[in-house]
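First comes the structure, then the notes that go with it.
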Amino acid sequence: MTEPFDVVDVIRAKRDGNTLDPEQIDWVIDAYTRGVVGDEQMAALAMAIFLRGMNRQEIGRWTQAMIDSGETMDFSSLPRPTADKHSTGGVGDKITLPLAPLVAAFDVAVPQLSGRGLGHTGGTLDKMEAIAGWQAEIPNEQIMDMLGTGPGAVICAAGAGLAPADKKLYALRDITATVDCVPLISSSIMSKKIAEGTDSLVLDVKVGSGAFMKDRDAARELASTMVALGVDHGVKTTALLTDMDTPLGLTAGNALEVRESVEVLAGGGPKDVIELTLALAREMVSAAGKPDADLEAALKDGRAMDRWKAMVRDQGGDPDAPLPVAEHTHDIVAESDGYLSRLDAMAVGVSAWRLGAGRARKGEQVQAVAGIELHAKPGDQVRRGQTLMTLHTATPERFDRAIAALDGGYSITADKPAVRESVVLERIAGV
């Protein structure tokens, strides 16, 4: 078979700052998926994109080419509108767990195809697998049944057939210093989300020390690019920029975060987790045509909890089974009186990772019990000797490195600090 393009010409064009033609983009993604374009050639093209960028039309075509590399899902036959959420990842970010059943309580289908954690950011599937019997891998027929006539929400692994070009390219970007590139990040995320076939999508773009995007301007650029991609592909899309300088809630780990999520579904839980759950849920139900839904009531009267339990049971889990508990714990105590003025999300995330809550590379096992329980947040008054954090693990030999990760990760000051008023920093809507 004679190829219509030479990959060296495509690389050279982008290297020199030119706009790639739609046909060039379609071909290079397809040829890379087929193995005609080698990893070293795609790495060179990725670096050229990193350095030279892409315009909106190029990013849109690149995204579509990755969608076209595999299968897509179609929810148009469902009797309910569909709404999805994607988070760019953070520390203590268990929002999907209470969010999906809460939105489903208003007869909106939530196909939450999720991933696993890598590095300091936790993975939704890892958290859910702390529940006895729960299965991440379920067939498409079951997904459709759960969304159509079942609880209305599903949290599960995405099928291998969705955007396979992205999976191949992501692994390459990870080892070629081209991960933090807005055109490549946005197309990676949105190719999978658009391939899932949802009617509407809300993006939770984290900003701060524990986030992928440390800078608010960069986060805004990423969010705006992803929103534009969604709109251009016919998906109602909005984004919230949310604070990730401090961990979300009072837990970072797997079973610990499930426990906290259940507290939110029972009408309690930490203020910031409740706030962000409600903020994202409002975006989702509004996009689904139900802007007047009383979300707070559904958390308090048990409707969201009922959906949660039904969803867990449908995937083989026992929502009433006790969650696993760590055999070994270690307390971090305040060294002076004062106010906790800073609690660095990255430090807490790395510490939880070192305790066994996360993985350094794909395929590693995580501990369901590992993680960190927070007993104070910035702005709280503390006393010398008071427990600030409790570290949990099944392997106590991990404590030393986990404690070292927290060195310099929090501060106690004499004066009460100003604290954030809201975890939501900004909203970006499609145009």
Side-chain angles (χ1 to χ4, degrees), residues 46-47 49-56 59 62-63 84-96 99 114-124 166 169-170 173-193 201-231 237-249 252 272-273 275-276 279-280 283 342-350 352-353 358 378 409 420-431:
M47 184 59 74
I49 293 169
F50 182 95
L51 296 173
R52 291 293 195 170
M54 280 180 154
N55 64 31
R56 179 168 176 170
I59 299 171
W62 188 276
T63 303
D84 195 7
K85 185 272 294 186
H86 177 79
S87 167
T88 57
V91 180
D93 183 12
K94 72 278 297 175
I95 301 299
T96 293
L99 177 66
S114 302
R116 300 187 182 279
L118 189 63
H120 78 282
T121 60
T124 298
D166 174 64
L169 180 56
Y170 185 88
R173 289 168 50 219
D174 198 34
I175 59 172
T176 56
T178 54
V179 170
D180 48 339
C181 170
V182 166
L184 297 178
I185 300 168
S186 57
S187 59
S188 173
I189 291 171
M190 294 302 291
S191 64
K192 295 189 288 286
K193 285 298 171 184
L201 173 67
V202 59
L203 300 160
D204 180 3
V205 180
K206 305 293 188 188
V207 187
S209 72
F212 184 73
M213 289 292 182
K214 315 293 183 189
D215 174 76
R216 187 161 170 176
D217 288 339
R220 186 184 297 111
E221 180 189 1
L222 174 61
S224 298
T225 302
M226 291 194 293
V227 167
L229 280 171
V231 171
T237 308
T238 58
L240 300 182
L241 301 189
T242 66
D243 188 293
M244 190 35 70
D245 276 330
T246 299
L248 263 173
D272 55 352
V273 177
E275 180 200 358
L276 185 51
L280 292 167
E283 295 290 333
R342 183 177 66 91
L343 181 60
D344 183 72
M346 176 63 83
V348 173
V350 171
W353 171 29
R420 66 186 183 196
E421 294 183 5
S422 172
V423 70
V424 178
L425 305 174
E426 192 172 329
R427 180 181 185 271
I428 296 172
V431 293

* Please report the C-alpha distance between M346 and D245 in whole Å, then the side-chain angles of each, then the deciding distance to 0.1 Å, and finally whether the side chain to side chain contact (heavy atoms under 4.5 Å, CB included) criterion is met. => CA-CA 8 Å; M346 176 63 83; D245 276 330; over 6 Å; no
* To do: Determine, stepwise, if the pair T225 / I59 fulfils side chain to side chain contact (heavy atoms under 4.5 Å, CB included).
  => CA-CA 9 Å; T225 302; I59 299 171; 3.9 Å; yes
* Asked: Between V207 and D243, does a side chain to side chain contact (heavy atoms under 4.5 Å, CB included) hold up when you go through it step by step?
  -> CA-CA 5 Å; V207 187; D243 188 293; over 6 Å; no
* List the steps and the verdict of side chain to side chain contact (heavy atoms under 4.5 Å, CB included) for T96 and S87. => CA-CA 9 Å; T96 293; S87 167; 5.9 Å; no
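Taking the charged nitrogens against the carboxylate oxygens, R420 and D272 do have a contact shorter than 4.0 Å, which makes a salt bridge. Between K85 and E283 there is no salt bridge, since no side-chain N of the basic residue sits under 4.0 Å from a carboxylate O of the acidic one.
Checked by atom type and distance alone, the side chain of R116 never pairs as donor or acceptor with a backbone atom of G123 at under 3.5 Å. Between the K94 side chain and the G92 main chain, a donor and an acceptor come within less than 3.5 Å of each other.
Taking each heavy atom of V227 and A239 in turn, the nearest pair found is CG2-CB, 3.7 Å. Contact record, A223 with L241: CB-CD2, 3.8 Å, taken as the closest heavy-atom pair. Taking both residues in full, the closest heavy atoms of S422 and L425 are given as O-CD2, 4.3 Å, listed atom of the first, atom of the second, then distance. Closest non-hydrogen pair, P183 versus I49, comes out as CB-CG2, 4.2 Å. Considering all non-hydrogen atoms of both residues, V91 and A345 come closest at CG2-O, 3.3 Å. When all heavy atoms of T238 and A429 are compared, the closest pair comes out as CG2-CA, 4.2 Å.
L184 places none of its side-chain heavy atoms less than 4.5 Å from the side chain of Y170. Contact annotation: the side chain of K206 approaches that of D93 to within less than 4.5 Å [non-hydrogen atoms, C-beta and beyond]. Between P378 and R342 the shortest side-chain heavy-atom distance does not fall below 4.5 Å. By the 4.5 Å heavy-atom criterion applied to side chains, V205 and T242 are not counted as neighbours. For the pair D204 and T88, the minimum side-chain heavy-atom distance is 4.5 Å or more. Looking at R220 and M213, their side chains never come closer than 4.5 Å, going by heavy atoms from C-beta outward. With a 4.5 Å cut-off on side-chain heavy atoms, M226 and T237 do not count as touching. Contact check for T176 versus F50: no side-chain heavy atoms found under the 4.5 Å cut-off.
The SG atom of C181 sits 8.5 Å away from the CG atom of L51 when rounded to the nearest 0.5 Å. Note: R56 CZ to S186 OG = 11.5 Å, rounded to the nearest 0.5 Å. Rounding to the nearest 0.5 Å places NZ of K192 at 10.5 Å from OG1 of T63. The CD atom of E221 sits 15.0 Å away from atom CZ of R216, with the distance rounded to the nearest 0.5 Å.
Under 3.5 Å, the side chains of S209 and K214 contain no donor-acceptor pair of N or O atoms.
The side-chain contact (heavy atoms from CB on, under 4.5 Å) test with V423 is passed by exactly one of L276, V273, L240: L276.
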